[in-house]
**Student:** 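My questions all concern the structure below.
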Amino acid sequence: MSAGAPLPCAAGEPTERVGPGWVVRFNLAWIGVMVGFFGPLQILLPNKVAGIAPNDKEWVLGLVTSLGAVFSLAMTPVWGAVSDRTTSRFGRRLPWVVVGGVSGALCLLLEGAAQTVLLMVVGWCLVQGTLNAAWAALSAVVPDQVPTGQRGSVAGWLGLAQLLGVLLAVGLATVVSGDAGFVLCAVVLLVALLPFVLGRQDTAVPPGAAPPWSWREFVRGFWISPRRHPDFGWAWLTRFLMNFGNSTVMVYLLYFLRDALDRRHAELDVLIIGAVNAAGVVTAVVVAGRWSDRLGRRKVFVTAAGLVMALASFVLAGLQTWTATLVVAYVLGIGFGTYTSVDFALITQVLPRSTARGKDMGVLNIANALPQVVAPAIGAAVITSLGGYRGLFAVAGGVGLLGAALVRRISSVQ
């Protein structure tokens with residue numbers, strides 16, 4: 001888009017297909033955001049916690065990640081709602097991609113410098129709260145700019161980008177450890193966002209569509225009645241359950257390798273598992289998205305993906321070896337790749353209003369963040385009192401199975 005060209009209106013459903021350049025810039029931005037979130041989450045934070053509170057590392061890590069997820073839960077729909085009302089000449093999403101990226105990078109530096117549990121909690125909460133401005137804005141870009149019949153393919157590439165972002169984050173955190181790892185994650189975040197920001201493709205709020213500002217109406221807007229919009233409610237619940245199962249496993253992966261499998265180089269093992277998981281994602285993510293576009297069907301793919309992920313968790317609950325972990329990582333990748341691409345396309349089709357996509361996507365993203373709040377605490381209780389890591393993986397599988405079963409309740413999407 002040229003610098004002086006008017007921005008397209010955000011009302012209604014987009015009809016013009018996005019090109020390869022847009023897809024590349026968009027997914028680079030997501031890779032940067034994922035590095036900002038997951039570089040610390042899987043390697044840097046667990047190691048920092050283990051150094052500061054070695055005797056209570058499980059509970060302290062659960063505290064840090066849970067409180068951070070509370071900020072993520074609260075701020076994602078707020079940032080989305082604010083972007084819905086933004087009337088900047090640069091568009092309504094891009095300004096918040098910039099704000100989230102820059103402030104998130106600065107907060108990563110603060111988290112890297114923390115030397116107490118209190119400062120770690122504060123730093124990680126700020127990372128979650130600020131970086132979610134970019135997350136919320138980028139999430140709304142797909143229903144803003146991508147036509148329904150192309151969303152499976154675009155979401156497939158998005159799922160691959162998110163996985164590559166996690167893998168890159170783990171790799172960076174493994175190669176550059178300690179406080180310097182936080183600095184590197186911040187730099188990669190900013191560099192990856194730059195092409196999308198410079199591309200300046202965005203949509204504008206339709207004239208007269210933004211209502212007069214009212215705190216009361218702003219707050220009331222976050223409640224989306226499941227009675228009036230049942231498909232939105234079912235999509236939220238199934239997304240929560242599947243992410244709960246995944247979060248319960250992932251947050252304790254490093255400790256599982258060290259404590260249950262007695263792996264001496266657990267950080268490197270996390271990177272290897274990430275690579276194997278990425279291979280499974282690559283096997284499924286783009287193919288599933290395109291296939292769902294061609295068939296015009298979403299639910300069958302999401303249900304099958306949930307069943308595969310649940311089965312993989314049950315296998316690891318019963319067979320805890322390094323070889324089984326690698327096999328499960330690949331199978332989980334296939335399930336997660338299918339789920340990520342098609343479920344993202346599905347949820348964009350149950351949004352109540354075109355003028356509130358940012359807020360509504362933010363409410364749906366609570367289903368991503370809320371499991372991070374409750375899963376660490378529940379996971380710690382299961383590990384210490386209810387069967388160790390075998391019990392943890394069994395609980396994860398059961399919750400994922402329930403989520404897969406409830407997908408069929410969504411009626412407006414095939």
Side-chain angles (χ1 to χ4, degrees), residues 155-156 159 162-163 166 234-253 256-257 260 273-274 276-285 287-289 291-292 297-321 323-347 364 367-383 386-410 413:
Q162 290 179 331
L163 189 281
V166 173
W234 286 117
W236 192 98
L237 180 59
T238 58
R239 194 171 180 84
F240 168 82
L241 291 171
M242 290 193 187
N243 278 284
F244 178 89
N246 188 62
S247 297
T248 303
V249 175
M250 295 307 296
V251 73
Y252 290 109
L253 178 60
F256 165 70
L257 293 171
I273 290 171
V276 172
N277 185 258
V281 170
V282 170
T283 302
V285 65
V287 173
W291 196 5
S292 74
R297 300 175 68 87
R298 310 292 191 199
K299 290 193 296 185
V300 63
F301 290 93
V302 177
T303 300
L307 293 175
V308 168
M309 289 190 289
L311 177 62
S313 295
F314 286 136
V315 169
L316 199 56
L319 186 60
Q320 295 190 344
T321 66
T323 301
T325 302
L326 292 178
V327 173
V328 165
Y330 182 74
V331 174
L332 279 172
I334 294 175
F336 189 72
T338 302
Y339 169 75
T340 299
S341 60
V342 184
D343 185 68
F344 190 91
L346 184 152
I347 65 174
L364 279 167
N368 292 336
L370 186 58
Q372 297 179 45
V373 178
V374 296
I378 293 176
V382 171
I383 292 170
L386 298 173
Y389 289 101
R390 294 186 186 277
L392 182 74
F393 295 133
V395 168
V399 172
L401 193 62
L402 178 61
L406 292 177
V407 172
R408 65 184 180 85
R409 300 300 298 269
I410 301 172
V413 181

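Only this structure's heavy atoms are used, side chains among them; waters, hydrogens and symmetry mates stay out. What you see is a predicted model; the values in this text were computed from it and never measured.
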**Student:** I'd like to know if the side chain of N277 reaches the main chain of Y330, judged simply by a donor and an acceptor atom lying under 3.5 Å from each other, with no hydrogens or angles considered.
**Tutor:**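 Side chain of N277 to backbone of Y330, a donor-acceptor pair under 3.5 Å: no, none is there.
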**Student:** To the closest 0.5 Å, what do you measure between CG (L346) and CH2 (W234)?
**Tutor:**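 Output value for this atom pair is 14.0 Å.
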**Student:** Students often mix this up, so state it plainly: with edges at 30° and 60°, are the rings of F393 and Y389 parallel, tilted or perpendicular?
**Tutor:**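 The arrangement is tilted - the two ring planes meet at 30° to 60°.
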**Student:** Measure across Y252 and A380 and return the closest heavy-atom pair with its distance rounded to 0.1 Å.
**Tutor:**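 Taking every non-hydrogen atom into account, OH-CB, 3.5 Å.
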**Student:** Check whether any side-chain heavy atom of V281 sits under 4.5 Å from a side-chain heavy atom of I334, and report yes or no.
**Tutor:**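 Not touching, per the 4.5 Å side-chain cut-off.
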**Student:** To the closest 0.5 Å, what do you measure between CE (M242) and CZ (F336)?
**Tutor:** 11.5 Å
**Student:** How long is the straight-line distance from CG of L253 back to CD1 of I273, given to the nearest 0.5 Å?
**Tutor:**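 With rounding to 0.5 Å, CD1 (I273) is 4.5 Å from CG (L253).
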**Student:** A side-chain contact here means heavy atoms from C-beta on lying under 4.5 Å apart; do V382 and I378 qualify?
**Tutor:**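 In contact.
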**Student:** Do any N or O atoms from the side chain of S341 and from the backbone of V285 form a donor-acceptor pair under 3.5 angstrom?
**Tutor:**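 Such a contact is found between S341 side chain and V285 backbone.
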**Student:** Can you find a heavy atom in the side chain of N243 that is under 4.5 Å from one in the side chain of Y339?
**Tutor:** yes
**Student:** Name the residue from V342, V302, V287 that meets the side-chain contact (heavy atoms from CB on, under 4.5 Å) definition with S292.
**Tutor:**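 Answer after filtering V342, V302, V287: V342.
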**Student:** Nearest 0.5 Å, what's the CG-CZ distance between L402 and F240?
**Tutor:** 10.5 Å
**Student:** Give every residue pair that meets the salt bridge (Lys or Arg N to Asp or Glu O under 4.0 Å) criterion with at least one member in residues 239-253, sequence neighbours excluded.
**Tutor:**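 The answer is R239-D343.
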**Student:** If I compare all heavy atoms of A310 with all of G397, which pair ends up nearest, and what's the gap?
**Tutor:** CB-O, 3.3 Å
**Student:** Please name the pair of heavy atoms, one in R298 and one in G289, separated by the smallest distance, quoted to 0.1 Å.
**Tutor:** NH1-O, 4.4 Å
**Student:** Say you draw a straight line from CG of L364 to CZ of F344; how long is it, rounded to the nearest 0.5 Å?
**Tutor:** 9.5 Å
**Student:** Check whether T303 reaches the backbone of V300 with its side chain - one donor and one acceptor, N or O, closer than 3.5 Å.
**Tutor:** no
**Student:** Considering only heavy atoms from C-beta outward, does the side chain of Q320 approach that of F256 to under 4.5 Å?
**Tutor:**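 Counting from C-beta outward, Q320 and F256 do come under 4.5 Å.
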**Student:** Show the nearest heavy-atom pair for residues G403 and T238, with the distance to one decimal.
**Tutor:**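 That closest heavy-atom pairing would be O-CG2, 3.6 Å.
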**Student:** What closest approach, in Å, do A329 and V276 show between heavy atoms, and which atom pair accounts for it?
**Tutor:** CB-CG1, 4.1 Å
**Student:** Would you say V331 and V308 make side-chain contact, with heavy atoms under 4.5 Å?
**Tutor:** yes
**Student:** Report yes if some heavy atom in the side chain of L401 is under 4.5 Å from a heavy atom in the side chain of L311; otherwise report no.
**Tutor:**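 SC-SC contact between L401 and L311 ruled out.
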**Student:** Can you name the nearest heavy-atom pair linking A305 to G335, along with the distance?
**Tutor:**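 So the two residues come closest at CB-O, 3.2 Å.
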**Student:** With sequence neighbours excluded, give me every salt bridge (Lys or Arg N to Asp or Glu O under 4.0 Å) pair touching residues 368-378.
**Tutor:**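 Salt bridge (Lys or Arg N to Asp or Glu O under 4.0 Å) check on residues 368-378 returns no pairs.
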**Student:** Sort and list the pairs that fulfil salt bridge (Lys or Arg N to Asp or Glu O under 4.0 Å) and have at least one residue in residues 386-399, not counting sequence neighbours.
**Tutor:**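 For residues 386-399, and leaving out neighbouring residues, there are no salt bridge (Lys or Arg N to Asp or Glu O under 4.0 Å) pairs at all.
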